[in-house]
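All values below were derived from every heavy atom in this structure, side-chain atoms included, with hydrogens, water molecules and symmetry-related copies excluded. Note that the structure is predicted; figures quoted are calculated from it, not measured. By convention in this document, chain letters (A, B, ...) are assigned in the order of the sequence lines, proteins followed by strands, and residues within each chain are numbered from 1.
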2 protein chains.
Amino acid sequence: MLNYSTSEENYIKAIYHLQQMDDMVTTNELAAELKTKPASVTDMMKKLKAKKLLNYERYQGFRLTNEGNKVALGIIRRHRLWEYFLAEKLKFTWDEVHEVAEDLEHVTNKKLIDKLDEFLGFPRVDPHGDPIPDANGKIEIMKKICLTELPLNKTAIVGSVSDQSSKILELLEHKNISIGTRLEIKKRFEFDNSMEVRIGRQPAFTISKQLAENIFVLNN
Amino acid sequence: MLNYSTSEENYIKAIYHLQQMDDMVTTNELAAELKTKPASVTDMMKKLKAKKLLNYERYQGFRLTNEGNKVALGIIRRHRLWEYFLAEKLKFTWDEVHEVAEDLEHVTNKKLIDKLDEFLGFPRVDPHGDPIPDANGKIEIMKKICLTELPLNKTAIVGSVSDQSSKILELLEHKNISIGTRLEIKKRFEFDNSMEVRIGRQPAFTISKQLAENIFVLNN
DNA sequence: AAATAAATTTAGACAAAACTAAAAAATAGT
DNA sequence: ACTATTTTTTAGTTTTGTCTAAATTTATTT
C-alpha cells in the first residue's frame with residue numbers, strides 16, 4: 001500500500017463520503033465539500049486518476065476505483081479509531097472529536113493503528129455511531145433501526161439518539177447507555193410498551209416506550 | 001502561540017538539540033542532522049529569522065531566541081508524551097517509539113496534548129529517560145547520577161541503563177524496574193555493597209552492586 | 001435550435017520547500 | 001600575506017498544491 005499526501009487523502013475521503021449520496025461526484029460538489037476552488041479539484045482529479053484511484057473522464061464527474069475505495073477505508077479507519085480514543089480515553093465530548101481526528105488520521109503507520117485498535121478493544125463504532133473498518137478494510141454495513149423494532153434476544157449496538165436534549169442524556173447516563181453500547185431486549189410488555197434491556201451479563205433493567213423510540217441501533 | 005509547518009518544526013527541534021552540544025549551530029551541522037542540503041538550511045534560516053525564532057547573521061551560525069526555545073519545548077513535549085503513550089499504552093518497545101512520535105508530534109492541538117498528559121498521569125520522563133516539559137514549557141533539568149551515588153531515602157527516576165544486553169534487561173524486568181520507574185534506596189550493606197530498593201509503597205527488595213552500577217537515575 | 005447560463009477545464013501565476021551549480025565569504029596552510 | 005580549501009550563500013529550477021481569469025463544454029431556456 002503506497003502513501004498519499006495529506007491533501008490527496010482529504011480529497012479521497014471527501015469523494016468517498018459524497019459517493020454515499022450521489023453515485024457520481026461532481027467538481028463543484030467536491031470543491032464545496034473541501035472549501036476549495038473547482039480548478040483545484042480538476043488538478044487533483046488528474047493526479048488521482050494517474051494514480052489509478054479514480055475513474056474520471058473530463059466533464060463526466062468521478063468515482064473511486066476499488067483501489068481508491070480501499071485507500072478511503074484506511075483513512076476512515078484511522079479517523080474513527082482516533083475519534084474513539086479521544087472520546088473514550090481522553091474524555092473529549094462527541095462533538096469535539098472530529099476536528100482533532102482530522103489531523104491525527106494523516107499519520108499513516110499501520111502498526112500504530114493496529115496497536116491502537118487492540119488497545120481500544122477493537123471497537124465496532126465511533127462516538128457518532130459510524131462503523132470502524134477493520135485492519136483488512138472491511139466495514140460492516142449496518143442499517144439503523146429503532147430500538148422498538150429490534151427483535152428479542154438479538155444484540156445490537158447503539159448508533160444514535162434522535163433527541164439530543166440534556167434531559168434524555170441525563171437518563172441515558174443513568175441507565176449506562178451510550179453510543180457504542182451493545183445491548184439486547186429480553187422482554188416487551190404490551191400494556192405500556194416498556195421493555196427489559198440487558199447490557200452484557202449485567203442484570204436487565206426497564207426502559208420506557210418514549211425512551212426506546214429515541215434510541216437507534218445498528219443491525220448487521 | 002502561532003502555528004508552524006512540519007518542516008519549520010523539524011528545523012526548530014534540530015537546532016534545539018544541536019544547541020545542547022555546541023552553543024552556536026552551523027549550517028553544515030544542521031544540514032547533516034536533517035539529511036538535507038546546506039542551501040536548504042540557509043533558506044529556512046532566513047524564514048525563521050523573519051519570524052523572530054532565530055538570531056542569525058549570515059556566515060555567523062545561529063541560535064534560537066527565547067521565543068524559538070519556547071516553540072522547541074512545545075514540540076519536544078508533544079514528542080515525548082506520544083513516546084510515553086506508545087510505550088506504556090500501546091506496548092511499543094523503547095526503540096520503536098521515536099520514529100512514530102516524529103509524525104504524531106506535529107499535530108498541534110493544545111487541548112489534545114494536555115488531555116493526553118493527564119490521561120498518562122503526568123509522566124516526568126519519556127521511555128528513553130528524557131524529561132517531558134510541562135504544559136507551561138517548563139522542563140526539569142535533571143542530572144543523571146549512578147544509583148550507587150543516590151542518597152538514602154531520596155526518590156529518583158530511573159533514566160537509563162548503561163548495559164543494554166538481554167541479560168540485564170531480563171533481570172530488570174524481574175525486579176520490575178524500567179526507565180521512568182520512581183524508586184528509593186532504603187539501606188546499603190557495606191559487606192558486598194548490595195542495597196535495599198523500594199518502589200512506591202511495595203515491599204523493598206535487594207539489588208547487587210553490579211546491577212546498581214549500571215543503573216542511572218535522574219536527580220533534580 | 002439558437003441563445004444564455006452554469007459547470008468544468010485550461011493556462012498561467014504563486015508560495016513553500018526542496019534541489020543543483022556557481023559565487024562569495026571565512027578559515028587554514030604554507 | 002597569499003593561495004587553497006571549506007563553508008555558506010545566492011541564483012535559478014523543480015514539485016506540490018493552490019489560485020484567478022479565460023476558454024470550453026454541457027445544460028437549460030425560450
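- For the residue pair A/His79 and A/Glu83, a side-chain donor N or O sits within less than 3.5 Å of a side-chain acceptor on the partner.
- Rounded to a whole Å, the CE atom of B/Met24 is 18 Å from the P atom of D/dT7.
- Side-chain N/O atoms of B/Arg58 include one lying less than 4.0 angstrom from OP1 or OP2 on D/dT10.
- For B/Ser7, taking side-chain heavy atoms from C-beta onward, the closest of the listed nucleotides D/dT18, C/dA18, C/dT9 is C/dA18.
- Atoms CD (B/Glu8) and C1' (C/dA16) sit 9 Å apart, rounded to a whole Å.
- Side-chain atoms of B/Tyr59 stay outside donor-acceptor range of the base of D/dT9, with no qualifying N/O pair under 3.5 Å.
- Comparing D/dT8, C/dT8, C/dC19 against the side chain of B/Thr36 picks out C/dC19 as the nearest.
- Between B/Leu30 atom CG and C/dA18 atom P there is a gap of 11 Å when expressed in whole angstrom units.
- Take the nearest nucleotide of DNA chain D for A/Ala39 and for B/Val41: the residue whose nucleotide is more 5' is B/Val41.
- Between B/Tyr4 and B/Ile75 the shortest side-chain heavy-atom distance does not fall below 4.5 Å.
- Closest to the side chain of A/Ser40, out of D/dT9, C/dT10, D/dC19, is D/dC19.
- Protein atom CE of A/Met45 is 13 Å distant from nucleotide atom C1' of C/dT8, rounded to whole Å.
- Between B/Lys46 and D/dT9, a side-chain N or O to OP1/OP2 separation shorter than 4.0 Å is absent.
- Atom pair A/Lys49:NZ and C/dT8:C1' shows a separation of 15 Å (rounding to whole Å applied).
- You'll find that the side chain of A/Lys37 is closest to D/dC19, out of C/dT8, D/dC19, C/dC19.
- A sub-4.0 Å separation between OP1 or OP2 of C/dA16 and a side-chain N or O of B/Ser5 is absent.
- In this structure, B/Thr42 reaches the bases: a heavy-atom distance under 4.0 Å links it to at least one base atom across the strands shown.
- Between the side chains of A/Thr93 and A/Asp95, at least one donor N or O lies within less than 3.5 Å of an accepting N or O.
- To the nearest angstrom, C1' of C/dG12 lies 11 Å from CG of A/Asp43.
- Each of D/dT26, D/dA21, D/dT9 was ranked by its minimum atom distance to the side chain of A/Gln60; first place goes to D/dT26.
- When each of D/dT9, C/dT8, C/dT10 is scored by its nearest atom to the side-chain atoms of A/Asn28, the top-ranked nucleotide is C/dT8.
- Defined by atom type and a distance below 3.5 Å, a donor-acceptor pair is missing between the side-chain atoms of B/His106 and A/Asp103.
- An OP1 or OP2 oxygen of D/dT16 is reached within less than 4.0 angstrom by no side-chain nitrogen or oxygen of A/Tyr4.
- When heavy atoms are screened at a 4.0 angstrom cut-off, A/Phe62 is found touching no nucleic acid atom at all.
- An OP1 or OP2 oxygen of C/dT8 is reached within less than 4.0 angstrom by no side-chain nitrogen or oxygen of A/Tyr56.
- Distance A/Leu34 CG to D/dC19 P: 10 Å, rounded to the nearest Å.
- You'll find the side chain of B/Leu104 reaches within 4.5 Å of the side chain of A/Leu104, heavy atoms only.
- When rounded to the nearest whole Å, the span between NZ of A/Lys35 and P of D/dC19 equals 13 Å.
- Ion pair A/Glu96/B/Lys111 flagged as a salt bridge, since at least one NZ, NE, NH1 or NH2 atom sits closer than 4.0 Å to an Asp/Glu carboxylate oxygen.
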